[in-house]
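Working notes, beginning with the structure itself.
Count residues from 1 along the sequence.
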Amino acid sequence: MPEYKESLISTKLIQHFLEEELQAEDPDALLVRNLWVDSTGAEASRAPKLSRAAQGHVYILEDTSTILRGQLNSQKPVYPPGFRNQGITIAQRELRLIGAEFSPRNVNLNLAQLWVQIQLFTHVCAQIYTRDQWYNAICVVNKQVL
């Protein structure tokens with residue numbers, strides 16, 4: 001179970017980021033462009049050999065995704081169920097990060113059209129990257145390295 005203070009710090013970090021970004025010049029800076037996930041061992045072994053998932057990298061979820069995450073007995077879909085199988089990408093939904101709210105075990109993100117609950121692992125905090133950092137550094141690291 002994550003520490004209370006880790007959830008609080010993650011929420012405060014996201015709120016501070018939002019305050020800064022809301023003053024920025026780019027109105028599209030807070031649009032959700034993709035949902036990324038890393039594969040479990042079982043998912044990686046079933047993935048096509050040269051896919052990002054099989055190679056241990058995070059990958060973008062399509063609207064056909066059935067990926068579940070959470071505790072074994074209460075897993076939930078990562079891709080929003082109401083948006084599945086409609087042939088519309090997350091980017092086309094124009095979801096926009098407009099707020100973050102604290103919960104003792106989670107960070108709840110307000111995306112205007114829906115809320116997303118991020119369940120934190122123990123000793124994990126939110127991390128914010130620029131698009132350049134994400135594409136050129138973070139998502140190219142194999143999860144086994146960590």
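- Side-chain heavy atoms closer than 4.5 Å link hydrophobic residues (I, L, V, M, F, W, Y) into clusters, and following such links, even through other members, never connects Trp36 to Leu109.
- Rounding to the nearest 0.5 angstrom, the gap separating the NZ atom in Lys5 from the OG atom in Ser10 is 12.5 Å.
- Atom CD of Gln144 is separated from atom CG of Asp38 by 9.5 Å, given to the nearest 0.5 angstrom.
- Interatomic distance, CG of Asn110 versus CH2 of Trp115, reported as 4.0 Å (0.5 Å rounding).
- Taken to the nearest 0.5 Å, the CZ atom of Arg93 stands 8.5 Å off from the OG1 atom of Thr89.
- Relative ring orientation between Tyr129 and Trp134 is described as tilted, the plane-to-plane angle lying within the 30° to 60° band.
- Side-chain N or O atoms of Gln15 include one that pairs as donor or acceptor with a backbone N or O of Ala100 at under 3.5 Å.
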Next on the checklist: Could you walk me through whether Thr40 and Arg69 satisfy the side chain to side chain contact (heavy atoms under 4.5 Å, CB included) test, starting with their C-alpha distance in whole Å, then the side-chain angles of each, then the deciding distance to 0.1 Å, before giving a yes or no?
Outcome noted: CA-CA 10 Å; Thr40 63; Arg69 292 293 183 269; 3.9 Å; yes
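- Ser45 places a side-chain N or O within donor-acceptor distance of the main-chain N or O of Ala42, the cut-off being under 3.5 Å.
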Next on the checklist: Run Val58 and Val37 through side chain to side chain contact (heavy atoms under 4.5 Å, CB included) and show every step you take.
Outcome noted: CA-CA 5 Å; Val58 294; Val37 68; over 6 Å; no
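- The shortest distance between side-chain heavy atoms of Leu111 and Ile98 does not fall below 4.5 Å.
- Leu30 and Tyr135 sit in two unconnected hydrophobic clusters of ILVMFWY residues. Membership requires side-chain heavy atoms under 4.5 Å apart, directly or through other members.
- Arg33 and Ala91 make their closest contact through O-CB, 3.5 Å (heavy atoms, listed as atom of the first residue, atom of the second, distance).
- Annotation for Asn136 and Val140: closest pair O-CG2, 3.9 Å, computed over non-hydrogen atoms.
- Connection of Leu18 to Leu31 is not established within any shared hydrophobic cluster, with ILVMFWY side chains joined at heavy-atom distances below 4.5 Å, either directly or through further cluster members.
- By the rule that hydrophobic residues join a cluster once side-chain heavy atoms approach within less than 4.5 Å of another member, Ile60 and Leu97 end up as members of separate clusters.
- Asp63 places a side-chain N or O within donor-acceptor distance of the main-chain N or O of Asn85, the cut-off being under 3.5 Å.
- Counting all heavy atoms, side chain and backbone alike, Pro48 lies closest to Ala54 at O-CB, 3.2 Å.
- Between Gly70 and Gln75 the shortest heavy-atom distance is O-NE2, 3.3 Å.
- Side-chain contact of Ser65 with Glu62: a donor-acceptor pair under 3.5 Å is absent, judged by distance alone.
- Interatomic distance, Ser103 OG to Gln117 CD, rounded to the nearest 0.5 Å: 6.5 Å.
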Checklist entry - Does the pair Leu50 and Gln55 meet the rule for a side chain to side chain contact (heavy atoms under 4.5 Å, CB included), with working shown? => result CA-CA 7 Å; Leu50 298 177; Gln55 295 176 5; 4.1 Å; yes
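- Side-chain contact between Arg84 and Leu61: absent, with no pair of heavy atoms (C-beta onward) separated by less than 4.5 Å.
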Next on the checklist: If you apply the rule side chain to side chain contact (heavy atoms under 4.5 Å, CB included), what do you find for Ile128 with Gln133, and how did you get there?
Outcome noted: CA-CA 9 Å; Ile128 297 172; Gln133 290 168 329; over 6 Å; no
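- Just one of Asn108, Ile118, Val107 meets the side chain to side chain contact (heavy atoms under 4.5 Å, CB included) condition when paired with Ile14; it is Val107.
- Under a hydrophobic clustering in which Ile, Leu, Val, Met, Phe, Trp and Tyr are joined whenever their side-chain heavy atoms come within less than 4.5 Å, directly or via other members, Leu68 and Leu35 fall into different clusters.
- Taking the ring centroids of Tyr4 and Phe102, they lie under the 6.0 Å cut-off.
- Heavy-atom contacts from other residues, nucleotides or ligands closer than 6.0 Å to CD of Gln86 number more than 12.
- Proximity of Tyr79 to Ile90: side-chain heavy atoms (C-beta onward) are separated by under 4.5 Å at one or more points.
- Glu20 places no side-chain N or O within 3.5 Å of a backbone atom of Phe17 that could act as its donor or acceptor partner.
- Among all heavy-atom pairs drawn from Ala44 and Ala53, the shortest one is CB-O, 3.6 Å.
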Item to check | Check against salt bridge (Lys or Arg N to Asp or Glu O under 4.0 Å), Arg52 and Glu43 | outcome: CA-CA 11 Å; Arg52 292 185 58 82; Glu43 291 164 352; over 6 Å; no
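- Closest heavy-atom contact between Gln92 and Gly87: OE1-O, 4.2 Å.
- Going from atom CD of Glu6 over to atom CD1 of Ile9 covers 7.5 Å, rounded to the nearest 0.5 Å.
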